[in-house]
Number of protein chains: 2
Amino acid sequence: MSMLTGEVNGKRVAMVCGIPMDVENCPVRDVMDNIGGKWNSLMILSLADGPLRFSQLRRLIPDISQRMLTQTLRDLQRDGYIHRTVYPTQPPSVEYALTDLGRSLLGLLKHFVDWSVENHGAIRAAREVYDAEA
Amino acid sequence: MSMLTGEVNGKRVAMVCGIPMDVENCPVRDVMDNIGGKWNSLMILSLADGPLRFSQLRRLIPDISQRMLTQTLRDLQRDGYIHRTVYPTQPPSVEYALTDLGRSLLGLLKHFVDWSVENHGAIRAAREVYDAEA
DNA sequence: AAGAGCAAGTCTCAAAAAGAGACCATGTGC
DNA sequence: GCACATGGTCTCTTTTTGAGACTTGCTCTT
């Protein structure tokens, strides 16, 4: 992980790991802008065990609004993490499933889940110290 | 990664990996709420090589407002990822450095950076397909 | 000596994003 | 006939974020 200042399109920009952290040229930002959203990674985790329908997701994540559920699913579909299938039943049901890309990302997210559980205590402790002295 | 419905404090909640995905009781959400923010993980990556001062960070990430820079640093400090040191120089300078916890998270973020670079092409491709048919 | 610039922020106001909840068409069970 | 389910959209309000001026004290330039 080395950082230096590099040149992209004649502009000086910060480099992290040899990747331009520039606003337009940074793949990390481009990816993060989607999956870093409030609901996006939770959605991918929720689909880990298999496809779910719209209303199943809504029940699984009770504190998401329908509006944000729709939008999150669209965003994830657009970037290729999930696939949307409509079954012509009565009433029509819609199923959301992880793609290969989505499962690949899920592998990363699992590590993140483990890390969160391991370090949750330390974070809560740090928070209390900070709040006490402020 | 198994998901089922479990019981926490008498309430039925979704479980992912044996972790309650409930709003109040989920360590993953608690951690993610901070580092999932727009600037937070970028900030930790920026401090990877060593401590930086406020204005150095501002120059490194030109598209962050001072207001959000201050707030992001405070949030990260509160959760124990970074440490803030004031040097009584003239004018006083303030240095931000990763803590052990911050470096631990950095390890995860590096994997994320690698994944982003590897899969950026696939994501852009998926995006174009989606935009074309919509 | 006057003016500019930097340090690390705070403050205010405007714009964007998110949340709450009504509404839609269609069909089933009671 | 009534309530409920399906997968959403629409509008309204609240919360977040962004843009940019302002601060205090010191140094550097002219």
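Below, read A as the first sequence line, B as the second, and so on, with proteins coming before strands; counting in each chain starts at 1.
Taking only side-chain atoms of A:R67, from C-beta outward, the nucleotide of C:dG21, C:dT12, C:dG9 with the closest atom is C:dG21. The side chain of B:R74 sits closest to C:dG9 out of C:dT26, D:dG7, C:dG9. Residue B:R84 has its side chain nearest to C:dG9 when only D:dA19, C:dG9, D:dG7 are considered. Nearest nucleotide to the A:Y96 side chain, out of C:dA8, C:dG19, D:dG8: D:dG8. With C:dG19, C:dA7, D:dG18 as the candidates, the nucleotide lying closest to the side chain of A:S65 is C:dG19. Picking from C:dG9, D:dG8, D:dC10 the nucleotide with the shortest atom distance to the side chain of B:V94 gives C:dG9. With D:dG8, D:dG18, C:dT10 as the candidates, the nucleotide lying closest to the side chain of B:T70 is C:dT10. Side-chain proximity of A:W39 to C:dA8, D:dG8, C:dG19: nearest is C:dG19.
Between D:dT6 and A:S93, no contact under 4.0 Å exists linking OP1 or OP2 to a side-chain N or O. Note on B:Q66: every side-chain N or O is 4.0 Å or more away from OP1 and OP2 of C:dA8. For B:K38 and D:dG18, the shortest distance from a side-chain N or O to OP1 or OP2 is below 4.0 Å.
In this structure, the side chain of A:T99 engages the main chain of A:Y81 through a donor-acceptor pair within 3.5 Å. Not one N or O on the side chain of A:N34 forms a donor-acceptor pair closer than 3.5 Å with the backbone of A:D79.
B:Y96 pairs in a side-chain hydrogen bond (donor to acceptor under 3.5 Å, both in side chains) with only one of the listed residues (B:R53, B:H83, B:R84, B:Q77), which is B:R84.
Ion pairing between a basic and an acidic side chain is recognised when a charged N comes within 4.0 Å of a carboxylate O; B:D63 and A:R29 show such pairing. Ion pairing between A:D30 and B:R127 holds under the 4.0 Å rule for side-chain N and carboxylate O.
Remark: P of C:dG19 and CG of B:D33 are 10 Å apart, rounded to the nearest angstrom. Atom CG in A:D63 sits roughly 14 Å away from atom P in C:dA18 (whole-Å rounding). A straight line from CD of B:Q77 to C1' of C:dA8 spans 14 Å, rounded to a whole angstrom. Rounded to an integer number of Å, the gap from A:L52 CG to D:dG7 P is 11 Å. In this structure, A:Q71 atom CD and C:dA18 atom P are separated by 6 Å, rounded to whole Å. Rounded to a whole Å, the CZ atom of B:R58 is 7 Å from the P atom of C:dA7. When rounded to the nearest whole Å, the span between CG of B:L73 and P of C:dG9 equals 8 Å. If you measure from atom CG of B:L69 to atom P of D:dT16, you get 19 Å, rounded to the nearest angstrom.
Taking for each of A:P91 and A:M68 the nucleotide of DNA chain C with the nearest heavy atom, the 5'-most of the two is the partner of A:M68. Position along DNA chain C of the nearest nucleotide to A:I64 versus B:P92 favours B:P92 as the more 5'-ward residue.
Residue contacts shown for B:R53 are limited to sugar-phosphate atoms, with no base heavy atom under 4.0 Å away.
Partners of A:R103 under the salt bridge (Lys or Arg N to Asp or Glu O under 4.0 Å) rule, at least two apart in sequence or in another chain, are A:D100.
Residue-to-nucleotide contacts include no donor-acceptor pair under 3.5 Å from the side chain of A:Q90 to the base of C:dG27.
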